[in-house]
**Q** 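There's a structure below that I have some questions on.
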Amino acid sequence: MEEIKNRVLQVLTDGNLDYRQKKHHLAYIAESTQDYPDISKEAGEALNEKIICDLFEGTAPYRPRYVLPDYAYALKNGVNYLELEPPTNFDEAINFLSILYIQVPSITGYSVYLGNIDTLLLNYVGDLSEDEIYKKMKLFWRFIDRTLPDAFVHINIGPEDNVIARVILRIERELKQVVPNLTLKYDPEITSDELLLEASKTVFEVAKPHIANHKMTAADFKGEYGVVSCYNSLPVGGGSHTLIRLNLKKITDLHSGDAESFISGTLKKYCKMTLDVIEARSKYLVESVKYYDTDFLAKEGIISLDNFSAMFGFYGLAECVNQLMKRSGKELIYGKDEEANQLAHLILEEMKKIVDAREVPYCKGNNGKAFFHAQSGIDIDIEETAGARIPIGIEPDIYSHINTVAPHHHLFNGGISDIFHFDETVKRNPAAILDIIKGAFRKGMRMFTFNLSNGEFIRITGYLVRRSDLKEFREEGSRYGSALFAANSMDNANVDNRISKRVISNEQVAGKY
Amino acid sequence: MSKLQANISGIIKSSVIDGPGNRIVIFFQECNLNCMYCHNSHTIGLCNLCGTCVDTCPTNSLKIDSENKRIIHNKNSCTRCDECIKVCPENSSPFYKQMSVEDIISEILEVKDFISGITVSGGEVMLHAPFLSLLFQEIKSHSGLKHLSILIDSNGNIEQKKWDSLLPLIDGVMLDIKAYSAKTHKQITGYSNEKILKSIEYLNDKNKLKELRFVLTPNYNNDESELREIAKIMKSVSPNVGKTLIKMRNHGIRKEFSFLREASNEEMNFAKDIFGQADIDILVI
């Protein structure tokens with residue numbers, strides 16, 4: 001009890017947290033008083049040592065990690081719980097969604113998915129002019145940023161070119177907000193080059209949208225899909241109970257043999273253990289908390305347990321491969337040497353097989369299996385590279401980069417992302433970016449984004465922060481919950497090593513309280 | 001395929017500054033101008049096997065292969081200190097290599113999914129017109145490559161007839177005008193500009209002039225009368241031709257030309273205003 005009291009006091013008196021952030025941390029502490037869902041002792045130890053990481057979901061899951069409400073269904077049918085009738089015009093639709101967004105649970109407390117917004121709102125455009133739409137959307141965008149101040153809050157547009165998608169890109173360039181994070185679903189047969197060009201110009205200004213290979217991603221889902229949070233692709237009207245990720249670097253440290261025995265032994269063992277944790281957490285949420293029986297979203301059919309699954313993630317592939325190569329007496333590097341790339345591919349295929357072979361309860365949303373996801377990293381990852389990415393700073397030229405990562409993108413039905421870096425000169429020639437995007441998708445990439453070397457916005461692993469917010473956070477805290485993650489990421493992982501000196505600051509890690 | 005070969009000083013597989021879209025750029029060795037501010041002066045001359053670089057190389061990575069009349073370069077021991085380039089009396093380099101049309105095609109095939117087109121540059125690429133003609137024909141008849149656009153980056157110092165066989169195969173030419181007055185042009189480049197002025201006019205008539213660039217070099221081509229004449233030329237070509245005013249940068253130019261000075265903001269604005277007064281839409285970089 002004394003320990004809890006101290007942790008609470010530390011949160012209460014932390015001047016870098018605002019009221020809402022404090023409340024969030026206090027809830028986390030309260031939750032931590034509960035026993036962890038039923039897992040083996042070995043799995044518990046692996047969690048404690050961060051070999052398996054539950055990304056601070058808490059010890060007693062009382063809401064799913066990722067919820068993707070079927071906003072189209074809600075708009076059509078209204079929401080009894082919120083006393084909302086189906087909207088009849090554009091203003092009502094925006095107002096309806098604004099209210100609903102606030103009610104969607106997540107781990108961060110802010111909805112990770114705000115819908116395929118252009119498709120949702122097109123039905124309500126009526127005879128509004130583009131200028132009228134622009135004015136209304138601008139206010140809506142400001143509302144989203146100010147009320148859901150978290151970079152994991154994600155909205156989708158596309159693949160069709162339409163007035164709302166274009167207006168949104170224009171507003172993004174003007175407002176330069178961190179929130180919402182944005183993905184453009186791109187299909188060369190549907191999306192116009194003009195919209196892709198608008199999107200590219202927007203990336204130059206605000207490092208978003210992220211571009212998703214629509215055809216490839218849609219093929220992995222029975223119904224609609226959404227790209228949420230840090231580039232997780234999940235079913236609309238469902239989501240993921242949990243995301244548990246395996247630290248491939250740490251399990252390679254623990255392994256004493258060669259690559260072959262790693263794949264057949266250590267990897268298998270820890271993948272199973274990760275799946276055990278996933279299963280225990282999913283069961284707890286469904287059976288003990290009875291979330292899907294009690295929450296209004298489920299009761300009113302805006303989400304359905306049948307559309308949910310869970311996510312199996314991993315990170316630190318680069319370190320795992322490089323170390324296994326070193327042990328076999330070869331100084332071969334992932335991202336640079338073909339033999340290392342092949343080993344990486346083999347490891348990923350093996351993990352995918354293990355994940356696909358395991359029936360996990362309450363995962364109907366993916367035919368009874370967990371989604372496989374290359375997790376894009378968080379602030380505490382000091383020695384590990386995000387997901388299956390090539391470590392920051394040693395990325396090869398753009399073509400080698402794409403040729404290294406594209407062959408495994410098809411494995412990740414739960415999402416994967418890579419970041420390509422471009423020099424500022426590309427701003428004068430946005431058509432060049434179109435060439436790269438199209439080429440990358442032709443090579444089988446699922447999702448990616450790009451950073452400009454001097455942009456005001458920086459992509460931190462999967463989410464986005466403003467350079468000025470980082471500076472501000474280090475000095476006096478920030479309105480955005482995710483700036484804390486970002487400040488830590490920058491300090492820990494050379495994320496910013498192309499641009500300016502890293503600033504050493506008092507590191508704060510989520511879950512430290 | 002033809003046995004014709006060309007000296008290639010380098011290939012950049014992804015460039016966003018050599019024409020629209022992402023492009024592969026093939027640089028040819030040898031130039032027929034000698035601009036003071038040349039940033040790639042090692043692409044001007046051809047190697048005459050004098051051996052100066054071989055004697056200078058601190059890691060002994062260069063050797064003369066007299067039988068095949070070329071320099072052998074040991075990539076493993078070379079540290080790319082570029083001393084060889086600095087001492088070369090011919091403004092050449094031991095690194096360029098002979099390539100056939102087939103060799104270049106295979107380089108393009110490697111990146112074809114990622115590019116809008118091909119830009120050939122130099123050196124002065126038009127010194128290799130017969131080779132270019134073969135290369136472009138090969139590209140245009142290749143089912144996987146024929147959609148790619150082809151641009152030539154040239155100094156224009158070439159006889160008019162040399163353009164003729166290439167124009168039907170290409171999308172356009174990007175060309176520099178270094179100075180209007182023949183005297184100034186000779187000061188900057190070592191040669192007069194008659195052929196260049198003709199090339200500009202000819203390519204514009206043929207609707208193949210893509211871009212016209214002017215490099216502002218203080219104390220040489222920045223006085224008002226010179227700028228007004230340049231503006232006249234810019235104005236004389238189609239409004240569809242992209243126009244660019246470039247600030248001469250003295251980074252990377254040869255030591256003997258280190259006296260060249262970069263234009264101040266005032267000087268850049270002065271030039272920009274003159275183009276503006278002539279109602280020319282010009283990009284300043």
Side-chain angles (χ1 to χ4, degrees), chain A residues 186 188 192-194 196-201 203-204 211 213 215-216 331 336 338 395-407 409 418-446 448 450-455, chain B residues 10-26 39 75-76 80 104 106-119 121 139 143-151 153 171-172 174 210-213 240 242-247 249 251-252 281-285:
Chain A
Y186 173 75
S192 71
D193 273 5
E194 291 74 24
L196 189 59
L197 198 63
E198 281 294 297
S200 300
K201 287 179 189 164
V203 175
F204 299 155
I211 320 281
N213 185 337
K215 198 179 265 176
M216 183 176 184
E331 289 289 332
K336 202 174 148 212
E338 190 47 31
E395 297 101 332
D397 69 88
I398 185 84
Y399 305 130
S400 310
H401 196 161
I402 291 170
N403 287 331
T404 302
V405 299
H409 268 225
D418 282 286
I419 303 178
F420 301 132
H421 302 273
F422 288 95
D423 194 76
E424 285 261 300
T425 46
V426 79
K427 271 191 181 184
R428 291 204 304 266
N429 186 0
I433 292 288
L434 264 64
D435 288 336
I436 304 271
I437 293 170
K438 290 177 180 180
F441 285 155
R442 250 177 247 139
K443 295 282 176 187
M445 287 201 67
R446 182 184 288 269
F448 68 91
F450 37 100
N451 258 355
L452 280 200
S453 50
N454 265 319
Chain B
I11 294 179
I12 293 180
K13 290 188 176 171
S14 174
S15 166
V16 301
I17 57 168
D18 292 284
N22 187 37
R23 313 183 72 81
I24 185 169
V25 189
I26 299 141
H39 294 89
K75 278 186 191 160
N76 296 328
R80 287 310 300 241
I104 293 178
S106 76
E107 298 274 342
I108 301 171
L109 280 172
E110 231 177 80
V111 300
K112 70 176 171 57
D113 285 340
F114 297 100
I115 54 175
S116 282
I118 295 139
T119 300
S121 185
I139 291 167
S143 62
L145 303 179
K146 62 181 172 197
H147 64 284
L148 297 173
S149 68
I150 299 175
L151 292 176
D153 192 330
D171 294 84
M174 300 182 288
K210 183 92 187 158
E211 189 179 63
L212 193 53
R213 300 170 298 215
N240 297 328
K243 284 113 191 166
T244 313
L245 167 64
I246 302 172
K247 176 170 149 176
R249 266 87 173 176
H251 172 78
D281 185 12
I282 197 161
L283 174 73
V284 182
I285 52 177

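The chains referred to below are lettered A, B, ... by the order of the sequence lines, with proteins before strands, and numbering in each begins at 1.
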**Q** Checking the side chain of A:D435 only, and the main-chain atoms of B:N22 only, is there a donor and an acceptor separated by less than 3.5 Å?
**A** yes

**Q** Could you state the interatomic distance from CZ (A:R428) to CD1 (B:I285), rounded to the nearest 0.5 Å?
**A** 4.5 Å

**Q** Can a donor-acceptor pair be found, under 3.5 Å and without considering hydrogens, that links the side chain of A:Y399 to the backbone of B:V111?
**A** no

**Q** Is the number of heavy atoms from other residues, nucleotides or ligands under 6.0 Å of B:K243 NZ greater than 12?
**A** yes

**Q** Return yes if some donor-acceptor pair links the side-chain N/O of A:N429 with the main-chain N/O of B:G19 below 3.5 Å, else return no.
**A** yes

**Q** Given heavy-atom pairs under 4.5 angstrom as the criterion, report whether the side chain, backbone, both or neither of A:I436 touches chain B.
**A** both

**Q** So which heavy atom on A:I402 is nearest to which on B:F114, and how close?
**A** CD1-CE2, 3.5 Å

**Q** What do you reckon, is NZ of B:K247 surrounded by more than 12 foreign heavy atoms closer than 6.0 Å?
**A** yes

